[in-house]
Structure formats: C-alpha cells, structure tokens
There are 2 protein chains.
Amino acid sequence: MTSQLAIHLQNSFDINHQELDKVLGFFKYKKVLKNEILLNKNETAKHLYFVLSGSVRAFFIEEDGLEATRYIAFENNFITSLNSFIKQEPTNEYLQATENGELLALSYDSFKTLLSTVAIWKDFYIKQLEVAYTTNHWRLESFIKMDAKQRYDYLIEIYPQMIQRLSNKTVASYLGITQESLSRIKVKR
Amino acid sequence: MTSQLAIHLQNSFDINHQELDKVLGFFKYKKVLKNEILLNKNETAKHLYFVLSGSVRAFFIEEDGLEATRYIAFENNFITSLNSFIKQEPTNEYLQATENGELLALSYDSFKTLLSTVAIWKDFYIKQLEVAYTTNHWRLESFIKMDAKQRYDYLIEIYPQMIQRLSNKTVASYLGITQESLSRIKVKR
DNA sequence: GATTTTTTTTATCATTTATCAAAGTTTTAG
DNA sequence: CTAAAACTTTGATAAATGATAAAAAAAATC
C-alpha cells in the first residue's frame, strides 16, 4: 500500500532504500468514505495525509453557513490544515473526503521524528512547502485578477478533473461563488 | 547595517556567531526610492530582499493595465517573487518600493551557497516558507470568505500600518478592488 | 510658492454576483 | 424499488462592484 508513496518520493528525491523504508514505516493506511470528516474546526491537525485514491478537501464554514473550499487534494498529493499542523494549534477549517478513497496518514509526532532523524525529510518538507506556497499563490492571483467566469475557465484549463469529479456545489465553493452563479456561468460558455 | 537582520535572525533561531557572520556577509545593502522597480515581469528574481526600513510590494499588471498587489513587506520582513526565485524562472509579477527605504539583498547564488554550507540556513528557509504560506493562506481565506468591505475592516484590524502608510490606490489593489470602490467603503464605515 | 501631476472623492450608469423561491433532477437510504 | 434528501437549474429581484467622467484635494516638481 505504501509503494505508491514510495514511487512518488523517489520521483522527487534522491532517497536511498534505508531512508525510504524508515519513512514509509511511519505512514498508516486509512480508508475513507465520501463526505467523511477527517478534521473539525477547533481541533488541532494531528496528521498529514497522502492521497492514494479519491480526493480530500479543506474548507471553511462561514457564519451564514456557506462553505468556502480552500484546497482540494487528488491522488498523489498531500493535504492537511498546514497552519494548524505546523504550530499544533486549533484549526479554523475542516478536512473532508470528497470521494471514497484511500489515504496514508503521518502523525505530527512521526513527522517531527522524521525531521530530526532522516536528513532527506527536511528537503521533502521544503518541497512540500514550496508546492503549497505555489498552489496558494496562483489561486490568490486568480482571485485578485479574475472574475468568476474567468476563474472557472482557468480551472477547466488547468484542473479539469476538479469539474469532472466533484459536485457543482464543491466546485462553486472552491471558486468562491454560489452554486446558482456557477450554474449560470456554465450555461454561458 | 546588518545588525538589524542579525537581531531578527537571532530572535527566530538558535544561530551561533560563526554562522551569523557567514550569513550576514552575503547580504548587500541597497537604498531604494519610492516607486523604484526592483524586479520586472519576465525577468528572473535574482535576489531575496530583507526590508530594513520602508516597504516593498509584489504586484501584477493585468491585461487592462490595472494593478493587483499580491504582498507588501514592511520592516523586518523578507520579500521576493518566490516562485521565480525558487525555480529561477521568469516571473509574472513586479517588485517595487512603496516608500523610500533600505534593503539587504541576498543573491540566489549566495542563497544556494548558504543552503549547502550553513546547516541552520535550511531551517531559516523552512521558516520563511511557513510564514509565506501562512500569509498567503489567510489572504486567500479573506478572498474566499469576505466581500470587499469585510476585507477592508479585517485589514484595518490586523494590518493597520498598511492603510496608514500606503496610498489608497495601493491599498485598493491589495484588496482586489478599484480605488473608487475603496473610497466608497471608507465613507460607509 | 506657483504650477503641474497624481490621487481621492463623488456621481451616474452598467455589469456581476448574491439572495430568495420554486421546479426539476439526481443521489441516497431504507 | 421507492421515498426522502440533496443537488442543480431557472427566474425574479436586490446588492455589490466596476467603468467612466468630472471635480476636489493632495503631492510632486520646478
């Protein structure tokens, strides 16, 4: 079950077998059902998840009950509530499986152990932070520069699976608009 | 001139004098004038800047000529076009001094040298990435969850100096709205 | 300190997006 | 398989924001 993660890590790093075995040993397999909540608001993120199959999203719930999705991780991507995980403080967002799927979970303690015992893990963490930063960066850019229709067209272009695999409701919450607006945008294309 | 950076680094890390001297030696002092451009679109970010005084912003210029500000660094913060700096690829944004000020510049080559020769520098870089990520994160959150007025109120609360020290035009471009809209929002308060 | 230039405010009108409501459609659960 | 629940679409209306223009205020330049 960890071979998929092994391949992913080997593709990114010059990691030897000893290191790889040690790293993989810390991950725990976890099966999740669609809509299953992995982390609630005000809890502290205890795990970093690697998505083997399916997808997981991080989202806020606003005062008025509306959802706003910050990030969606598909296969071979990591997800957690990073601010909470880094500082081990309560989060203000939720983590939820958006499809049935399989994950590998790394606990915060294991994460810290890896940081101090496996040299390459620090490089891994840097890479993860860079990717997370880049992802947030282009997403922020899209919000600053584009209107809803432009953001939708952009999403289709660079992340078509998001529209194919997820509900309109989820896509709308990712685009920062209502379901009704998304529905109208789709008609206009 | 580097003592300010020294204090900043010592506050964040358990860094010894040898390491500190080596790190500081790589930074070059630079005086900048308000509105001075430090990096142009399509150029590759060659420097990471530490702001001693004044402020520096990163912004896009849209097709229609409107500006959209991604980030503004005040004293004791670092700024660069990180995606470009990390990958040494052309950037799609500009860096500009928003006030007269003083900077310390670290070249990409020096940055890489530090990464491979000063152990603590890797931890520094991780910290920088974490801060950059966190900054982008709350900013993205504000765009997804809030309308323009809410974003403005939020900015006053957590970043009052931005409104005090920068022009309406710059603040508006940071909030992702037009100057006219900002002007109206201010009246409504 | 007078004069340009830039920035900010105000007004009007157009466009985008939200809100509310209702009717279809699809999915889920028993 | 059927009933209930959830999701999607459509319509009407309201609110937020943008675009354009012009006046007022502030800042920069000589």
Side-chain angles (χ1 to χ4, degrees), chain A residues 32-37 54-55 57 59-69 72 96-101 142-156 162-189, chain B residues 32-37 54-55 57 59-69 72 96-101 142-156 162-189:
Chain A
V32 290
L33 294 175
K34 184 175 177 175
N35 296 326
E36 183 176 336
I37 297 290
S55 52
R57 70 173 178 139
F59 69 102
F60 314 103
I61 296 184
E62 306 174 43
E63 316 73 43
D64 56 11
L66 274 187
E67 295 180 359
T69 298
I72 302 173
Q96 179 188 41
T98 31
E99 297 173 297
N100 295 333
S142 76
F143 272 98
I144 300 180
K145 291 169 80 166
M146 302 178 190
D147 66 19
K149 171 141 190 7
Q150 290 172 315
R151 291 204 296 280
Y152 179 73
D153 290 344
Y154 186 46
L155 193 62
I156 285 184
M162 203 170 286
I163 285 122
Q164 288 153 9
R165 287 166 56 175
L166 304 178
S167 70
N168 263 7
K169 192 181 169 185
T170 303
V171 172
S173 87
Y174 184 79
L175 290 171
I177 57 177
T178 60
Q179 305 165 232
E180 294 91 335
S181 293
L182 177 55
S183 192
R184 289 198 183 90
I185 284 169
K186 284 163 64 179
V187 171
K188 271 191 213 146
R189 294 196 100 230
Chain B
V32 289
L33 294 174
K34 184 175 177 176
N35 296 327
E36 183 176 336
I37 297 289
S55 52
R57 70 172 178 139
F59 69 103
F60 314 103
I61 297 184
E62 306 174 43
E63 316 73 44
D64 55 11
L66 275 186
E67 295 179 359
T69 297
I72 302 174
Q96 179 188 41
T98 31
E99 297 172 299
N100 294 335
S142 76
F143 272 98
I144 301 180
K145 289 168 79 166
M146 302 176 189
D147 65 19
K149 170 140 191 9
Q150 288 171 316
R151 291 204 297 279
Y152 180 73
D153 291 344
Y154 186 45
L155 194 61
I156 285 184
M162 203 170 286
I163 284 120
Q164 289 152 10
R165 288 167 54 177
L166 304 179
S167 70
N168 263 7
K169 193 181 169 185
T170 303
V171 172
S173 87
Y174 185 79
L175 290 171
I177 57 177
T178 60
Q179 311 173 52
E180 294 90 341
S181 293
L182 177 55
S183 195
R184 278 191 209 100
I185 285 169
K186 283 163 67 179
V187 172
K188 272 191 211 146
R189 296 195 96 229

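Proteins come first, then strands; the chains are lettered A, B, ... in the order of their sequence lines, and each starts at number 1. A quick note: this is a predicted structure, and the numbers were derived from the prediction, not measured.
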> For Leu182(B) and dT9(C), give me the distance from atom CG to atom P, rounded to whole Å.
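The answer, rounded to whole Å, is 8 Å.
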> Considering residues at least two apart in sequence or located in another chain, which fulfil the side-chain contact (heavy atoms from CB on, under 4.5 Å) criterion with Ala68(B)?
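Residues passing side-chain contact (heavy atoms from CB on, under 4.5 Å) with Ala68(B): Ile144(A), Lys145(A), Phe60(B), Glu62(B).
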> Nearest whole angstrom, please: distance from the P of dT10(C) to the CD1 of Ile185(B).
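Result: 14 Å.
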> So, using side chain to side chain donor-acceptor pair (under 3.5 Å) as the criterion, who are the partners of Ser142(A) when residues are at least two apart?
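Per chain and number, Ser142(A) pairs via side chain to side chain donor-acceptor pair (under 3.5 Å) with no residue.
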> May I ask you to evaluate whether Ser181(A) reaches the phosphate of dT17(C), defined as a side-chain N or O under 4.0 Å from OP1 or OP2?
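For dT17(C), neither OP1 nor OP2 has a side-chain N or O of Ser181(A) closer than 4.0 Å.
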> Using 0.5 Å steps for rounding, measure from the NZ atom of Lys149(A) to the OG atom of Ser181(A).
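With rounding to 0.5 Å, NZ (Lys149(A)) is 13.0 Å from OG (Ser181(A)).
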> Just so I know, are the side chains of Leu175(B) and Ile185(B) near enough to count as touching, which here means a heavy-atom distance under 4.5 Å?
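No, too far: nothing below the 4.5 Å cut-off.
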> Can you list the residues that meet the side chain to side chain donor-acceptor pair (under 3.5 Å) rule with Ser173(A), with sequence neighbours excluded?
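Per chain and number, Ser173(A) pairs via side chain to side chain donor-acceptor pair (under 3.5 Å) with Thr69(A).
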> List the atom of Ala172(B), the atom of Leu182(B), and the distance in Å for their closest heavy-atom pair.
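That closest heavy-atom pairing would be N-CD2, 3.6 Å.
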> Under 4.0 Å from any atom of DNA chain D, heavy atoms only: list the residues of residues 169-180 of chain B that qualify, in numerical order.
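Contacting residues: Gly176(B), Ile177(B), Thr178(B), Glu180(B).
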> Return the set of residues passing ring-ring contact (aromatic ring centres under 6.0 Å, His included) with Tyr154(A) (not counting sequence neighbours), or none when no residue passes.
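Applying ring-ring contact (aromatic ring centres under 6.0 Å, His included) to Tyr154(A) gives Trp138(A).
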> Atom CG of Asn168(B) and atom P of dT10(C): how far apart are they, to the nearest Å?
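Atom-to-atom, Asn168(B) to dT10(C), this comes out as 11 Å.
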> Without decimals, in angstroms, what is the distance between Leu33(B) CG and dT29(D) P?
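Going from CG in Leu33(B) over to P in dT29(D) covers 10 Å.
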> Quick one: side chain to side chain donor-acceptor pair (under 3.5 Å) partners of Asp147(A), sequence neighbours excluded?
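Not a single residue meets the side chain to side chain donor-acceptor pair (under 3.5 Å) criterion with Asp147(A).
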> Tell me every residue that passes ring-ring contact (aromatic ring centres under 6.0 Å, His included) with Phe59(A), counting only those two or more places apart in sequence or in another chain.
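Only Tyr94(A) meet the ring-ring contact (aromatic ring centres under 6.0 Å, His included) criterion with Phe59(A).
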> Measure the shortest side-chain to side-chain distance between Tyr174(B) and Leu155(B) over non-hydrogen atoms and say whether it is less than 4.5 angstrom.
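Yes; the side chains approach each other to less than 4.5 Å.
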> Specify the separation, in whole Å, of atom CD of Gln150(A) and atom P of dT16(C).
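In whole Å, dT16(C) P lies 10 Å from Gln150(A) CD.
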> Using side-chain hydrogen bond (donor to acceptor under 3.5 Å, both in side chains) as the criterion, point out the one residue from Lys186(A), Gln179(A), Glu180(A) that pairs with Asn168(A).
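That would be Lys186(A).
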> Can you name the salt bridge (Lys or Arg N to Asp or Glu O under 4.0 Å) partners of Glu67(B), sequence neighbours left out?
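With sequence neighbours excluded, Glu67(B) shows a salt bridge (Lys or Arg N to Asp or Glu O under 4.0 Å) to Arg57(B), given in chain and number order.
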> Looking at Lys149(A), I'd like to know whether one of its side-chain N or O atoms comes within less than 4.0 Å of OP1 or OP2 on dT16(C).
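Lys149(A) to dT16(C) OP1/OP2: no side-chain N or O under 4.0 Å.
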> So which pairs with a foot in residues 165-174 of chain B pass salt bridge (charged side-chain N to carboxylate O under 4.0 Å, His left out), sequence neighbours left out?
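Pairs touching residues 165-174 of chain B that pass the test: Glu75(B)-Arg165(B), Glu99(B)-Arg165(B).
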> Sort me out a list of protein N/O and nucleotides 12-14 of chain C N/O pairs below 3.5 Å, or just none if empty.
unit_1, atom_1, unit_2, atom_2, d
dT12(C), O4, Arg184(B), NH2, 3.0

> Provide, to the nearest angstrom, the distance between the CD atom belonging to Glu67(A) and the C1' atom belonging to dA6(D).
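Roughly 13 Å, once rounded to whole Å.
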> Write down the distance between NZ (Lys186(B)) and P (dT8(C)), rounded to a whole number of angstrom.
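Spelled out: NZ on Lys186(B) to P on dT8(C) is 7 Å.
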> Tell me: CG of Leu166(A) to P of dT8(D), nearest whole Å?
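Between P of dT8(D) and CG of Leu166(A): 10 Å.
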> Report each atom pair, protein N/O against N/O of nucleotides 25-27 of chain D, whose distance is under 3.5 angstrom.
none

> How would you label the contact of Ser167(A) with the nucleic acid (heavy atoms, under 4.0 Å): base, sugar-phosphate, or nothing?
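Contact class for Ser167(A): sugar-phosphate only.
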> Report yes if the side chains of Ile72(B) and Thr170(B) come closer than 4.5 Å at any heavy-atom pair, otherwise no.
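Yes; the side chains approach each other to less than 4.5 Å.
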> So how far off straight is the helix from dG1(C)-dC30(D) to dG30(C)-dC1(D), going by the axes through five pairs at either end, to 10°?
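The two end axes of the helix from dG1(C)-dC30(D) to dG30(C)-dC1(D) meet at 70°.
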> Of the nucleotides dT17(D), dA19(D), dT8(D), which one has an atom closest to the side chain of Ala148(B)?
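Comparing dT17(D), dA19(D), dT8(D) against the side chain of Ala148(B), the answer is dT17(D).
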